[in-house]
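Values below: every heavy atom of this structure, side chains too, minus hydrogens, waters and symmetry copies. It should be emphasised that the depicted structure is a prediction, and the values quoted were computed from it without experimental measurement.
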Amino acid sequence: MAGQDDIGSLFEHGTRQYASDTAPLAERMRPASFDEFVGQEHILAEDKVLRRVIANDRIPSILFWGPPGSGKTTLARLIATVTRAHFEPVSAVSAGVADLRKAVAGAQERRSFYQQPTILFVDEIHRFNKAQQDVILPHVEDGTVIFIGATTENPSFEVNAPLLSRCRVFTLKALSSANVGTIVRRALDDDRRGLGMLKSILEPDAVHHLVNIANGDARVALNALEMAALAAEPGPDGTRRVTVDAISDALQRRAPLYDKAGDSHYDTISAFIKSVRGSSPDGALYWLARMLESGEDPLFIARRLVILAAEDIGLANPGALPVAVAAQQAVHFVGLPEGRIPLAEATVYLATSPKSNAAYMALERAMEDVRNTPNEPVPLHLRNAVTSLMRGMGYGSGYKYSHDYEGHFEAQEYLPPGLSDRRYYQPSDQGSEASIAERLRRWWGDGRNSNA
């Protein structure tokens, strides 16, 4: 494309061609063209809008949102190779306001003297605070820079609304196993950037293990592959056989797609809670294991179980809340790794319990009336008459002491007159709550506080 000789790309700040031999394999194997890019067909196919605007050099402000190793930075670098705009990279990990102001000043100069636009690429944009993001906003708005940001976190929460509204968000997906396998094979075959000169042979079961353990992250797969290949001893014919054991040794555990302060944290706890609420002990145990393996705070999990026991099980199983509280106390007392056992026990108990949110919904209905109806005085018969003056004013008059009556019950009104028709608690037919419903029907007779 015309003007490529004038491109100020990210490669000018590092290496214009390929990364040096000392760079990690993942860096050396970054695609040099869109033809080499693997995955993300949902946004990069020839007929997709992103591919067309890049080809026409009409790039808007963009946010790339996706998991680690999915190609966000690589896409930004590829854009740098096909645009006449100067490409100015900034990492939010190490840059500050001064760096942003310097980048903007350079963009203003190029725009005034050379009519050359500038693409300001901010990697890890979610690490910039509001003040730092505000520095960018007016210059995006007036066209001084074309903004491209990359983030692993949900932009709705991590990017200021005014800046977000001026960007087109493209969501990248974790690479599939087939995608990662393609990238690994290319690295093994490439004599110039990859491991071709090492004559490495990755055994079939080692390929499967590597792809599985990489968890959709190309960077993890390539760097583990390089370590294992370099550690392998050359055979008589010079080839290096990379085994499953070598891959396992190079990368001890699966790369977790989890951030205790980010989207994965909230998505996973949501899946866990919904599995328990949906009475799936298997689903609940899987998500519990995912959280524990990723280093989630076990007390956070325990707190959510306590809330769930009250909200979603309630009086259908009155034992659920004590079990959840006991699990929280046990985790606090013994810690990990043993604390995972009472967590698992409580998870299974709650998942297999009958469910009812009747008590929770009853409170919500009562709260709605408290907010939206006049706060009527407490009826006189429900007031406590502690002085002769109060008794003279009728406090407590007509109150029926339940224990004086057969069955320790006698019907009387307990709501203010304006709300006497309200029925907040409507017990379900699940577990212990079915007997509660029957007891209420027997007491009140008119269907009050029942499903009837």
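- Qualifying side chain to side chain donor-acceptor pair (under 3.5 Å) partners for H139, counting only residues two or more places apart in sequence or in other chains: none.
- Comment: E141 engages R166 in a salt bridge, judged by a side-chain N to carboxylate O separation of less than 4.0 angstrom.
- Side-chain N/O atoms of Q108 and T144 include no donor and acceptor closer than 3.5 Å.
- There is no side-chain donor-acceptor pair under 3.5 Å between E368 and Y424.
- With no hydrogens or angles considered, no side-chain donor-acceptor pair links R290 and T268 at under 3.5 Å.
- Between the side chains of T118 and R110, a donor-acceptor pair is found at a separation under 3.5 Å.
- Without hydrogens or angle criteria, Q133 side chain to P162 main chain gives no donor-acceptor distance under 3.5 Å.
- Distance alone, capped at 3.5 Å, places no donor-acceptor pair between the N160 side chain and the L163 backbone.
- The side-chain heavy atoms of T151 and F64, taken from C-beta on, include no pair separated by under 4.5 Å.
- A distance-only check finds a donor-acceptor pair linking the side chain of Q40 to the backbone of K173 [under 3.5 Å].
- For A330, the side-chain contact (heavy atoms from CB on, under 4.5 Å) partners are P342, not counting sequence neighbours.
- Side-chain atoms of N56 do not come within 3.5 Å of backbone N or O of V53 as any donor-acceptor pair.
- One side chain, S279 or K355, offers a donor N or O that lies under 3.5 Å from an acceptor on the other.
- Take S176 and apply the side chain to side chain donor-acceptor pair (under 3.5 Å) test, not counting sequence neighbours, and it matches N179.
- Between D123 and S91, the side chains place no donor N or O within less than 3.5 Å of an acceptor N or O (distance only, hydrogens not considered).
- With hydrogens and angles ignored, the 3.5 Å screen pairs a side-chain donor or acceptor of W65 with a backbone N or O of E153.
- Scanning all heavy atoms of the two residues, the minimum distance from E46 to R51 falls at OE2-NH2, 3.4 Å.
- Between I62 and I59 there is a side-chain heavy-atom pair separated by less than 4.5 Å.
- Shown here are the side chain to side chain donor-acceptor pair (under 3.5 Å) partners of T243, two or more places apart in sequence or in another chain: there are none.
- Between the D57 side chain and the R84 main chain, a donor and an acceptor come within less than 3.5 Å of each other.
- Contact detail for A229 and V242: the closest heavy-atom pair is CA-CG2, 3.9 Å.
- Side-chain atoms of S33 and D35 include no donor-acceptor pair closer than 3.5 Å.
- Looking at residues two or more places apart in sequence or on another chain, you find a side-chain contact (heavy atoms from CB on, under 4.5 Å) between A206 and L202, E203, V244, I247.
- Within 6.0 Å of the NE2 atom in H332, the count of heavy atoms belonging to other residues, nucleotides or ligands does not exceed 12.
- Legend: residues meeting side chain to side chain donor-acceptor pair (under 3.5 Å) with N317, ordered by chain and number and at least two apart, are Y349, S353.
- A donor and an acceptor atom, one from each side chain of D282 and S280, are nowhere located under 3.5 Å apart.
- Contact check for I313 versus N357: no side-chain heavy atoms found under the 4.5 Å cut-off.
- S61 places no side-chain N or O within 3.5 Å of a backbone atom of C167 that could act as its donor or acceptor partner.
- Ion pairing between a basic and an acidic side chain is recognised when a charged N comes within 4.0 Å of a carboxylate O; E438 and R441 show such pairing.
- No side-chain heavy atom of I148 sits under 4.5 Å from any side-chain heavy atom of L120.
- A salt bridge is defined here as a Lys NZ or Arg NE, NH1 or NH2 lying under 4.0 Å from an Asp or Glu carboxylate O, and R193 with D190 meets this definition.
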Before you tell me yes or no, could you show the steps for E27 and R77 under salt bridge (Lys or Arg N to Asp or Glu O under 4.0 Å), namely the whole-Å CA-CA distance, both residues' side-chain angles and the distance that decides it to 0.1 Å?
CA-CA 12 Å; E27 185 67 23; R77 293 188 180 192; 2.6 Å; yes
Run E226 and R28 through salt bridge (Lys or Arg N to Asp or Glu O under 4.0 Å) and show every step you take.
CA-CA 11 Å; E226 182 176 36; R28 301 200 308 269; 2.9 Å; yes
List the steps, then state whether salt bridge (Lys or Arg N to Asp or Glu O under 4.0 Å) holds for D312 with R277.
CA-CA 6 Å; D312 293 300; R277 181 185 295 136; 2.9 Å; yes
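- Side-chain contact between I54 and F34: present, with at least one pair of heavy atoms (C-beta onward) separated by less than 4.5 Å.
- For the residue pair F87 and F121, the shortest heavy atom distance occurs at CZ-CB, 3.5 Å.
- Salt-bridge check for D189 with R185: failed, with every basic side-chain N at 4.0 Å or more from each acidic carboxylate O.
- K72 places a side-chain N or O within donor-acceptor distance of the main-chain N or O of G66, the cut-off being under 3.5 Å.
- A donor-acceptor pair is defined here as one N or O able to donate and one able to accept, closer than 3.5 Å; such a pair exists between the side chain of S70 and the backbone of P67.
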Go through D369 and R365 one step at a time and tell me if the salt bridge (Lys or Arg N to Asp or Glu O under 4.0 Å) criterion holds.
CA-CA 7 Å; D369 272 351; R365 286 188 284 267; over 6 Å; no
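- Residues I301 and D297 have side chains not in contact (no heavy-atom distance under 4.5 Å, counting atoms from C-beta outward).
- Closest heavy-atom contact between R340 and P337: NH1-O, 2.8 Å.
- When all heavy atoms of R241 and A232 are compared, the pair lying nearest together is O-CB, 3.8 Å.
- Counting only heavy atoms from C-beta outward, the side chains of F128 and V135 never approach each other to under 4.5 Å.
- Of the possible donor and acceptor atoms, one in the side chain of E433 sits under 3.5 Å from a partner among the backbone N and O of S428.
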